[in-house]
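Counting from 1, the numbers follow the sequence of the chain as shown.
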Amino acid sequence: MRDHYPVLHDEASGYYFVARYNDVARIYKDSVAFSNENYAFQMEPVIGKTLIQMSGREHAVNRHLVTPALRGNYLQELLPQVDELAREMIDEFRHSGRTDLIENFTKWFPINVIVKMLDLPHEDLPKFHDWYSSLMAFLANLTNDPEVHAWGMRTQRDYPAYILPIIAERRKNPGTDLISRLTQAEIEGEQFSDEQIKALIGLLLIAGGETTDKAIASTLKYLIQHPEQLAAVRANPALATQALVETLRYHPPVQIILRTATEDIDVSGTVIPKGSVVACVNGAANRDERRFNDPDKFDIFREDVNMNQAFVGSADHIAFALGRHFCVGSLLAKREAETAINQLLQAMPDIRFADGKEPVDTGMFTRGPERLDVEFTPVTQ
């Protein structure tokens with residue numbers, strides 16, 4: 001696609017798939033010519049209008065309201081709890097010598113963090129997992145599968161019935177949790193409504209659940225496949241960040257993000273008509289040899305990705321989008337992944353794939369290992 005069909009029109013869906021790095025980066029950065037209107041059909045039917053769908057002043061105000069909760073002092077307050085959650089979860093299997101890291105850790109760790117942030121009952125974790133799984137499926141339902149649609153509609157009914165009474169109670173009796181902080185947040189005299197907070201928490205479930213799960217799982221997979229780089233991360237835990245960033249480039253958990261053309265616009269010689277849905281293929285753009293040296297090589301020491309910019313809107317990799325819609329939760333994801341990688345490697349000093357079988361990736365919009373069966377010698381102390 002990058003060489004011969006950099007903009008590929010898929011007749012079945014009507015979408016325009018864009019594969020080259022410079023084109024994808026341009027689309028993300030130009031939020032006027034390429035809007036987020038598509039989330040009106042991808043997400044709004046299930047959880048309502050969210051920050052990711054907004055533009056102009058509405059987007060600016062809402063982003064300013066939520067940013068302190070995900071990138072400010074509150075994040076620093078949360079970090080010790082993130083570390084403790086990881087420890088508690090790893091304690092469940094650290095002496096077993098064998099585990100599926102996805103089922104027993106990465107699938108649940110990010111959602112555990114979110115439930116802790118929201119100060120909700122731990123026993124409700126399965127509900128949240130079902131809701132965010134249905135949201136991800138609805139988001140990526142290009143074939144309009146009726147079962148996926150019905151699953152999303154169940155979430156549309158059950159999730160608000162659960163969360164709206166909690167939001168109302170926290171507004172009356174605020175604590176220090178994220179829901180309480182969102183009820184109290186104010187900018188230019190504006191506050192979030194209960195419906196907006198409901199939608200925002202739903203977005204947090206999507207953006208902070210499965211994506212972080214897959215980022216952690218894929219990073220561990222590639223480190224095990226590259227023993228010298230794994231040894232380097234063990235020797236210097238600070239390199240876990242570089243391993244994560246290289247995974248975000250080499251195999252981003254979100255492979256495709258949609259945008260909508262607001263005018264007829266030329267991209268690499270193809271005119272995309274106004275109103276068309278544009279599918280930015282992050283996975284292809286991040287492997288573009290026009291931008292990265294030896295792009296199909298996993299290398300945590302590569303010099304063409306700036307580590308200091310990897311978690312802001314001017315990042316070199318395309319995993320969190322770019323520009324003003326760059327993922328506001330990227331720093332939380334970064335810290336969760338650093339904690340997970342380092343604690344897991346410490347608990348499993350000789351981690352290896354069980355039975356020598358390498359894990360298989362699945363998924364199109366989001367992609368990562370289906371299972372991550374590993375063996376290790378238990379740490380006795």
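Checking side-chain atoms of S134 against main-chain N and O of T155 turns up no donor-acceptor pair under 3.5 Å. Formation of a donor-acceptor pair under 3.5 Å by the E103 side chain with backbone atoms of D100 is not found in this model. Side-chain atoms of Q229 never come within 3.5 Å of backbone atoms of L223 as a donor-acceptor pair (strictly under, hydrogens ignored). No side-chain donor-acceptor contact under 3.5 Å links N236 to the backbone of A232. Between the side chain of T339 and the backbone N or O of E336, no donor-acceptor pair lies under 3.5 Å. Remark: the backbone N or O of T176 is not paired with any side-chain donor or acceptor of S180 at under 3.5 angstrom. At distances below 3.5 Å, at least one donor-acceptor pair connects side-chain atoms of R249 with backbone N or O atoms of N286.
Using bins of under 30°, 30° to 60° and over 60° for the plane-to-plane angle, the ring pair F105/F109 lands in the parallel bin.
A 4.5 Å side-chain heavy-atom check between M117 and D177 finds every atom pair outside the cut-off. A heavy-atom distance below 4.5 Å is not found between the side chains of L204 and L200. Taking the side chain as every heavy atom from C-beta outward, D83 and R87 approach each other to under 4.5 Å. By the 4.5 Å heavy-atom criterion applied to side chains, L118 and I201 are counted as neighbours. Counting heavy atoms from C-beta outward, V18 and V278 have side chains that approach closer than 4.5 Å. Residues E92 and N104 form no side-chain contact, since every pair of their non-hydrogen atoms from C-beta on lies 4.5 Å or further apart. Put simply, the side chain of N342 reaches to within 4.5 Å of the side chain of V233, judged on heavy atoms. For the pair Y28/C280, a side-chain contact is recorded, criterion being any heavy-atom separation below 4.5 Å from C-beta on.
Looking at D288 and R20, no side-chain N of the basic residue comes within less than 4.0 Å of a carboxylate O on the acidic one, giving no salt bridge. Using a 4.0 Å cut-off between charged side-chain N and carboxylate O, E169 and K172 make no salt bridge. Taking 4.0 Å as the cut-off between side-chain N and carboxylate O, R287 and D296 count as a salt-bridged pair. A salt bridge links E289 with R2: at least one charged nitrogen is closer than 4.0 Å to a carboxylate oxygen.
Side-chain atoms of R290 and N22 include no donor-acceptor pair closer than 3.5 Å. A side-chain donor from one of W151 and D130 sits under 3.5 Å from a side-chain acceptor of the other. Defined by atom type and a distance below 3.5 Å, a donor-acceptor pair is missing between the side-chain atoms of Y21 and N282. For the residue pair D124 / Y162, a side-chain donor-acceptor distance below 3.5 Å is found, with atom types taken as modelled. No hydrogens or angles considered: nothing links the side chains of E370 and T362 as a donor-acceptor pair under 3.5 Å.
For CD of E263, the number of neighbouring non-hydrogen atoms (other residues, nucleotides, ligands) closer than 6.0 Å is greater than 12. E123 CD: more than 12 foreign heavy atoms inside a 6.0 Å radius. Within a 6.0 Å sphere centred on CD of E228, heavy atoms belonging to other residues, nucleotides or ligands number 12 at most.
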Subject >> Worked check of side-chain contact (heavy atoms from CB on, under 4.5 Å) between K274 and T262 >> reply: CA-CA 5 Å; K274 178 181 179 180; T262 61; 5.7 Å; no

**OP:** Would you please test D373 and K357 for salt bridge (charged side-chain N to carboxylate O under 4.0 Å, His left out) and show each step?
**Re:** CA-CA 8 Å; D373 292 299; K357 295 179 182 177; over 6 Å; no

Original post:
side-chain contact (heavy atoms from CB on, under 4.5 Å) between I224 and I351: does it pass, once the steps are laid out?
Top reply: CA-CA 7 Å; I224 295 170; I351 187 173; 3.8 Å; yes

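Shortest non-hydrogen contact noted between R98 and F376 is N-CE2, 3.6 Å. The two residues L248 and P253 make their nearest non-hydrogen contact at CD2-CD, 3.9 Å. Minimum interatomic distance between D316 and R291 (heavy atoms only, all atoms of both residues): OD1-NH2, 3.0 Å. In this structure, D23 and P6 approach most closely via the heavy-atom pair OD2-CB, 4.4 Å. When all heavy atoms are compared, the tightest approach of D294 to R302 is O-NH2, 3.2 Å. Here the shortest heavy-atom pairing between H251 and S218 reads CD2-OG, 3.8 Å.
Aromatic pair Y132/F138: ring centres not closer than 6.0 Å.
Residues passing the salt bridge (charged side-chain N to carboxylate O under 4.0 Å, His left out) test with D350, sequence neighbours excluded: R352. Partners of F298 by ring-ring contact (aromatic ring centres under 6.0 Å, His included), not counting sequence neighbours, listed by chain and number: Y222, H226, Y250.
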